[in-house]
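So you know, we letter chains A, B, ... as the sequences are listed, proteins then strands, and number each from 1.
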Number of protein chains: 2
Amino acid sequence: MKPLTAPHAISRQVLADHVYDEILESLMDGRLMPGDAVSIDGTARDLEVSPTPVREALARLEHTGLVQRAALKGYRVAPLSSAAEMAQLMEARLVIEPVNTRLAGEVMTPETLAALEQSIHDLATAPRGPSFAEFRDYFDADERFHRLIAENAGNPFLLAAYNALGGQVQRFRLFSGVGITDANFAIAEHRAIFEAFRDGDVEGAAAKMTEHVSNVRARAMADAPAESSAE
Amino acid sequence: MKPLTAPHAISRQVLADHVYDEILESLMDGRLMPGDAVSIDGTARDLEVSPTPVREALARLEHTGLVQRAALKGYRVAPLSSAAEMAQLMEARLVIEPVNTRLAGEVMTPETLAALEQSIHDLATAPRGPSFAEFRDYFDADERFHRLIAENAGNPFLLAAYNALGGQVQRFRLFSGVGITDANFAIAEHRAIFEAFRDGDVEGAAAKMTEHVSNVRARAMADAPAESSAE
DNA sequence: AACGATAGAATCCTATAGGATTTAGACTAT
DNA sequence: ATAGTCTAAATCCTATAGGATTCTATCGTT
């Protein structure tokens with residue numbers, strides 16, 4: 001009964017997984033814009049696969065809130081959050097992320113600490129060009145920082161709750177245009193959280209996380225005060 | 001452009017939706033036990049449909065945590081939470097549900113209040129027999145109470161976070177055997193939350209919710225102290 | 001008797017085909 | 001010109017077929 005089959009050795013992938021990644025990439029890159037239809041047959045033609053794996057990938061994506069499905073009418077990219085919904089999203093983050101921060105702080109390891117520092121370094125050095133592709137690394141580093149904390153909190157249910165928000169957060173980062181003005185502040189705030197972790201100041205880290213998310217909300221509201229729906 | 005097609009009139013259903021409901025029912029009823037394999041072809045034969053809608057339904061269910069998928073090996077009912085995981089689940093509920101309670105309390109309406117009271121009434125009058133089927137109404141009323149609060153909190157992201165937990169909570173109710181000893185306490189605690197809502201005591205309602213979930217955890221731990229995996 | 005190899009069945013995965021539904025455009029009548 | 005109807009294309013939805021993989025049981029060897 002020895003685990004000869006290494007746990008993470010050959011994690012087999014099937015076509016639907018690749019399709020899932022591909023569509024997710026398009027959503028996060030901005031190639032698929034809010035409101036766009038995501039045709040099953042059309043996507044299958046584009047990716048040169050049959051509709052079956054596309055259907056399976058979209059069924060999974062629906063649960064993330066990134067795409068919405070109407071029976072017999074197909075899938076659409078979820079509309080962009082209004083300013084009010086953005087505030088609700090930040091409110092939800094303020095509930096979950098400080099708790100994750102506290103839990104992660106209680107079991108912080110040198111490895112996690114190093115990974116967090118790496119993400120901050122990537123955030124600071126990522127190119128910040130005008131195009132989506134050039135911002136990609138920046139957004140990735142930002143998301144990685146928060147995800148690392150959620151994963152190291154050690155509570156799979158709170159991680160699931162965070163995942164229910166993560167995709168929306170990423171989308172908001174992309175379309176709000178906050179990233180540009182947000183960058184320098186975000187780097188400093190991430191670093192403040194990291195330093196509290198490093199010093200073993202668990203409550204301080206949680207407080208800094210609360211402050212960080214609050215600031216993100218404030219900066220976002222300042223940037224796009226009343227732009228409820230673009231289309 | 002008039003909405004002649006009434007919004008909620010004929011919400012068309014496709015076969016995959018029925019299959020989804022059917023499998024979910026089996027999971028919640030206990031017909032499908034933790035660890036059981038959920039064969040795509042087999043389920044398709046049982047329900048007398050083709051494998052395609054079964055595949056789509058399972059893809060959606062995977063994201064709820066109720067079933068787990070291994071590439072090229074199929075789906076399995078997720079193993080039952082250990083005592084430690086149960087504690088983590090309650091910890092997550094303690095993070096989310098009091099906040100939802102507070103938000104719901106701030107916009108409480110007579111209609112919602114009546115629905116909450118109805119769920120308590122159903123909880124008190126539900127038969128509590130030995131079989132799964134006889135407990136079904138009790139569990140439904142319990143879940144309805146908590147779901148009403150989450151839905152009326154008005155934050156779709158926190159609702160999504162709650163949904164990420166709800167299925168697990170329901171499963172735990174079913175298999176832990178806590179329900180029996182829990183019933184009289186739970187009814188009283190639900191009523192205490194309701195009365196705080198009715199009196200406009202928002203903070204009191206939130207506090208009572210915290211107390212309720214804490215008590216559920218305590219009673220569950222007392223019932224099954226060290227039963228980690230039953231097989 | 002225990003271990004490893006092999007054949008068969010069961011299952012998963014993808015592709016294809018056809019019916020059902022929706023959508024878009026053209027045509028006609030008011 | 002606008003509203004309504006009708007036709008055709010596109011799309012969704014389900015079923016079926018076949019290849020690829022995994023599981024199970026039998027058999028032979030040490």
Subject >> Nearest-Å distance for atom pair CZ/P, residues A:Arg76 and C:dT23 >> reply: 9 Å
**OP:** Measure the shortest side-chain to side-chain distance between B:Arg217 and B:Arg93 over non-hydrogen atoms and say whether it is less than 4.5 angstrom.
**Re:** no
**OP:** For A:Thr52, report the nucleic acid contact type (base, sugar-phosphate, nothing); a contact means any heavy atom under 4.0 Å.
**Re:** base
Original post:
So, is A:Arg55 near the phosphate of D:dC12, with a side-chain N or O under 4.0 Å from OP1 or OP2?
Top reply: no
Original post:
Which of these nucleotides, C:dT22, D:dC13, D:dT22, is closest to any side-chain atom of A:Ile40?
Top reply: D:dC13
**OP:** Measure from the side-chain heavy atoms of A:Leu72 and tell me the nearest of C:dT14, C:dT22, D:dT21.
**Re:** C:dT22
Original post:
How many Å lie between CD on A:Glu48 and C1' on C:dT16, as a whole number?
Top reply: 17 Å
Original post:
Taking the side chain of A:Pro53 as heavy atoms from C-beta outward, which of C:dC12, C:dA15, D:dT16 is closest to it?
Top reply: C:dA15
Original post:
Are more than 12 heavy atoms from other residues, nucleotides or ligands located less than 6.0 Å from atom NE2 of B:His18?
Top reply: yes
Subject >> Contact check, side chains of B:Glu151 and B:Leu159, non-hydrogen atoms, under 4.5 Å >> reply: yes
**OP:** Send over the distance from A:Glu56 CD to D:dT14 P, rounded to a whole Å.
**Re:** 15 Å
Original post:
Of all the choices, C:dA15, D:dT22, C:dC13, which nucleotide is nearest to the side chain of A:Ser50 once you look at every atom?
Top reply: C:dA15
Original post:
Looking only at side-chain N and O atoms, does B:Arg45 come under 4.0 Å of OP1 or OP2 in C:dT11?
Top reply: yes
Subject >> Closest to the B:Val49 side chain, choosing from D:dA15, D:dT22, D:dT11 >> reply: D:dA15
**OP:** Could you tell me the separation between the CG atom of A:Leu15 and the C1' atom of D:dT21, rounded to a whole number of Å?
**Re:** 15 Å
Original post:
Does the side chain of A:Leu80 come within less than 4.5 Å of A:Met86's, by heavy atoms?
Top reply: no
Original post:
Within less than 4.0 Å of OP1 or OP2 of D:dC12, is there a side-chain N or O belonging to A:Ser39?
Top reply: yes
Original post:
When the distance from CD of A:Gln13 to C1' of C:dT14 is rounded to whole Å, what number comes out?
Top reply: 16 Å
**OP:** Could you check how far CG of A:Asp41 sits from P of C:dT14, rounded to whole Å?
**Re:** 17 Å
**OP:** Round to a whole Å and report the spacing from CZ of B:Arg69 to C1' of C:dC12.
**Re:** 10 Å
**OP:** Rounded to the nearest angstrom, tell me the gap between atom NE2 in A:His18 and atom C1' in C:dC13.
**Re:** 13 Å
**OP:** Return yes if some donor-acceptor pair links the side-chain N/O of B:Glu97 with the main-chain N/O of B:Leu94 below 3.5 Å, else return no.
**Re:** no
Original post:
Taking for each residue the nucleotide of DNA chain C with the nearest heavy atom, is it A:Pro51 or B:Gly42 whose nucleotide lies nearer the 5' end?
Top reply: B:Gly42
Original post:
Can you tell me if the side-chain N/O atoms of B:Lys73 get under 4.0 Å from OP1 or OP2 in D:dC23?
Top reply: yes
